[in-house]
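Below, chain A is the first sequence line, B the second, and so on; all start at residue 1.
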Amino acid sequence: MKSIKYYVMSLLMGTLVTMSFSSCSDDDFTETIFPDTEDVLDPSSATYQLDKWLKENYLDVYNLDFRYKMQDVGTNMNYTLVPATYENSLDLAVLAKYLWFDVYAKVVSPDFLKQYGPRIIHLIGSAAYNPSNGSMILGLAEGGIKVSLFRVNEMDVNDFYSMNEYYFKTMHHEFSHILHQTKSYPVEFNALSVGHLDGTNWTARGPEVHSLGFVTNYASSAYREDFAETIANYIVLTDAQWERIYELAARGWTTANSDDPNASYYCFFYYTNNEVDEEKKNYIDESDVFTEVDADGVTQLYYRTQRDSDGNRIKVYPVPDTDGIDGVAYLQKKIEIARTWLRDDWGVDLDALRQEVQYRQTHYNMEELRKQVTDIQ
Amino acid sequence: MKKLLNISLLLIVALSMGLASCNHEEKDLFDDSAAQRLSQTQEYFNDLLLSEGGKWQLEYFTTPDEPGYIYLFTFKKDGTVTISGENEYIGKLTNIDNSDPVYGSETSMWEVISDNGPVLSLNTYNKIFHLFADPYDIPDTDGSELGYGHTGDYEFDLMRYSNDTLYIEGKKHGVSMIMTRLATDVDDHAYLDEVVALRDSFFNSKIPTVYINLPSGYRYVVNGGASLMLAIYPETGDWISETEGYNAVVTHDGLTFMYPLQLMDSLTMTPYEVRTFKLAPDGSLVCRENPEITFTADALNSLITDPQVKWKLNTNKSSAVGLMEKYNELADQLKAANRNNGINAINMNYDKTQNKFVVNIFIKLRINGRPTTMPCLFYLDVDRENKDLIKFTFNNEMDAAATRYIQSYSKLLDIVNYIASNQFKLSATSLLAPVSLNVAESANENNYFVLDVVR
């Protein structure tokens, strides 16, 4: 049994040790170590108008830092990247608000993007190339917080299709990532693509991916990209563009060399000299095919530039669809899953969103949008 | 008792810990916090870049695989910077096939930001400058640089400043570079035109080999100067195994290598490290780190007999007395035979197979009524003295055409005899690129002829 003296000494020791630690607690935390400066906009700055507009329209409203002045620490240093031009940054800032933030504010609610929108949009002048596979990144959504938009210096506000492809679609794509990183989408979506993804060679894939139920080749790279691509493309692509995707999705596709991951796929073939023989079968691009309605009202396909030895047109045949996948149905099913998920989990009407975007992306006046910034005194 | 001693010892240790634990306060080392000091440094470099008009020259390097480029910056307080350059890649922005230096200037934004230290960030795209940081394929190369480009930097760690020179380092690729202050009244375009002209005058592809001369007289051979991708090897060394590549930039008043040259004087076994050279009045480049080290072409009396170099008499720049007297007499003699006759040119070169200096007089004759140019070759021996004196000896060695035509046109021999009868003193306006040699009689330097390099 231990003596009382032992306990007294132990208590004393404990007290001393405690004092020794507590003696350090006299630090004064009232002063910041950082310079006592206030971040105010400088009216004499050459970028004052844009900085003020960004503050009033993004920072104050959405708590969003719209970064157009590049700092490479804010990027993946493994990529070689350059800043965006000031002029294109201005254009993209006003367009992003008009075609993205204002759409959600109108169709969903003014608070929706305040709550779920990104906190940083970072503009990058160049694409982020991956030299090993030749791919390039058009956008990144990092942790639901930050969206990086690339290739800003190649932006042409007069080219609606490229604007859609490189920026507007990317905005919706990256925002879809933010949403599904917050609330998971149904696993049945992924089940539609099992066995058909190619995370390595997706860049070599072409329109044949539509027949597998993917809206783009990038969608065929991973489940989450498929989901984001489905939503983004549904919103920004026109009816005519979707009709074309469904048309390609309904076709059969094949390749001359299925072992080559980079081989081209075709949906038409012909026989040399019109001699129906498997050994004389050749595949042909759609651009080399023309259609003609014969006397019986049946549409016939022919090789555009070649004839057989007798001077007859060379007949072209569609490749049979043997992949066992109804591409059109898969695409529509994916859209339906996304539509339901957005409605039930987020209260977002995907079709209303699409309708608003479709209207706005063909009815914007760049000069008027720019004036929001350039008219600032 | 032993237990009490132990406890007392423990108490002393605990007390010591208690006191020692307060000793971490080091606030006396600096007056301000690290963040405040960084902010002050940031402000210092910001003000420095703006001071005295804010105009600077950057000696810009990307990789050791391409030469450097001169860029001029004018920093403004409103956050803009005007960047000017003159190089072939600016020309390629509008004409992909361009290979000549083209001037360009554009304004974008700048900022001194704090990273691990103060960083100059050129943070909006400037097509004149950021083209070296773009990840796109370089148009005039064999391989693909897609994803890399030139790998140039546009953010620079600001390292130190002294004597109007700012030492910076590319943040991503770590290349050390120099910014020097310029006067505000410098005209960017005129200044850069002068840099380009200087580049052409430093190294001339017609003088393919130049030398770095060390204090003892030991030399390094330098090839490829015209491309600014210099191949350097010790003169007594093996050019295959000992050649090292160094890239450089021509500045407004000299030349700077991307990395210091490591040179070894094999005569004295003295090592040298040199990086920057300044243009001297005689056209040579003098090392700033050690003025005894120079960059020149070969001694002029060796250069004139360099088998790689061919010379042509410049009749317009030669004095009327001396060789031109003989030249005109020959022309008169030729014309006396036929008014269409004359002299086409007089070329000189060294024939290393015969170890002779060749004077090649092209005479224009009418042969069977048709104009014909006939080369007449005369072979001379050479004696050199110092670096600039030369004496030729003619022992009546000539080719068959010369043998034939001296019968009709004796003045041919007068030209060769004049060249062989004098000692000549050689001089040039540039010792680094002596593309034009002044060959003056040693006894009377008013009598001279001029030879221009033709290859």
Side-chain angles (χ1 to χ4, degrees), chain A residues 3 5-6 8-10 12-24 26-27 31-37 42-48 51 67-73 77 79-89 123-132 134-136 152-153, chain B residues 3-4 7-8 10-11 14-22 24-25 32-40 42-43 76-80 107-111 113 115-116 119 121-127 130-136 144-155 171-172:
Chain A
S3 66
K5 195 168 158 188
Y6 175 85
V8 169
M9 290 311 288
S10 296
L12 189 59
M13 282 275 292
T15 306
L16 277 168
V17 170
T18 308
M19 279 174 67
S20 72
F21 286 118
S22 63
S23 64
C24 299
D26 61 351
D27 289 339
E31 279 186 40
T32 174
I33 65 162
F34 295 101
D36 187 19
T37 55
D42 176 6
S44 69
S45 165
T47 58
Y48 174 71
D51 294 339
R67 291 182 188 167
Y68 67 95
K69 292 178 179 173
M70 186 167 156
Q71 293 185 18
D72 63 8
V73 288
M77 296 289 273
Y79 289 108
T80 299
L81 305 169
V82 290
T85 63
Y86 176 81
E87 295 75 15
N88 286 11
S89 299
L123 303 190
I124 313 289
S126 58
Y129 289 100
N130 183 344
S132 64
S135 66
M136 64 176 174
V152 174
N153 293 347
Chain B
K3 192 183 271 179
L4 191 63
I7 290 168
S8 302
L10 278 169
L11 264 169
L15 267 169
S16 306
M17 280 175 64
L19 294 173
S21 65
C22 295
H24 72 281
E25 297 291 343
D32 300 310
S33 69
Q36 284 169 327
R37 282 183 288 118
L38 181 55
S39 174
Q40 287 160 9
Q42 200 178 328
E43 199 175 320
K76 297 263 176 61
K77 203 179 172 192
D78 65 359
T80 59
T107 297
S108 54
M109 304 300 159
W110 72 284
E111 208 172 348
I113 58 172
D115 205 333
N116 290 327
V119 171
S121 178
L122 303 165
N123 54 17
T124 65
Y125 191 79
N126 186 308
K127 70 171 187 275
H130 285 92
L131 65 91
F132 286 106
D134 253 321
Y136 304 126
S144 171
E145 295 84 9
L146 187 66
Y148 306 105
H150 294 262
T151 65
D153 266 307
Y154 56 87
E155 289 198 343
K171 203 181 87 180
K172 193 164 185 174

With a 4.5 angstrom heavy-atom cut-off, is it the side chain or the backbone of [X] that approaches chain A, or both, or neither?
X: B:Glu145; result: neither
X: B:Ile113; result: side chain
X: B:Leu122; result: backbone
X: B:Lys171; result: side chain
X: B:Asp115; result: side chain

Of the backbone (N, CA, C, O) and the side chain (C-beta and beyond), which part of [X] lies under 4.5 Å from a heavy atom of chain B, both, or neither?
X: A:Ala46; value: both
X: A:Tyr48; value: neither
X: A:Ser44; value: backbone
X: A:Ala127; value: backbone

Exercise. Where do B:Asp134 and A:Ser126 land on the side chain to side chain contact (heavy atoms under 4.5 Å, CB included) test, with the steps shown first?
Worked result: CA-CA 7 Å; B:Asp134 253 321; A:Ser126 58; 4.1 Å; yes

Problem set entry | Residue, of B:Ser121, B:Ala133, B:Gly147, B:Ser144, that accumulates the most heavy atom pairs under 4.5 Å with chain A | B:Gly147

Measure the spacing between [atom1] of [X] and [atom2] of [Y] and express it to the nearest 0.5 Å.
X: B:Tyr125; Y: A:Ser89; atom1: OH; atom2: OG; value: 13.0 Å
X: A:Ser45; Y: B:Lys76; atom1: OG; atom2: NZ; value: 13.5 Å
X: A:Leu123; Y: B:Thr124; atom1: CG; atom2: OG1; value: 11.5 Å

Exercise. Is there a side-chain contact between B:Tyr154 and A:Met70, using heavy atoms and a 4.5 Å cut-off?
Worked result: yes

Exercise. Any side-chain heavy-atom pair from B:Tyr136 and A:Tyr129 closer than 4.5 angstrom?
Worked result: yes

Exercise. Taking all atoms of both residues into account, what is the closest heavy-atom pair of B:Lys172 and A:Leu81, and its distance?
Worked result: NZ-N, 4.4 Å

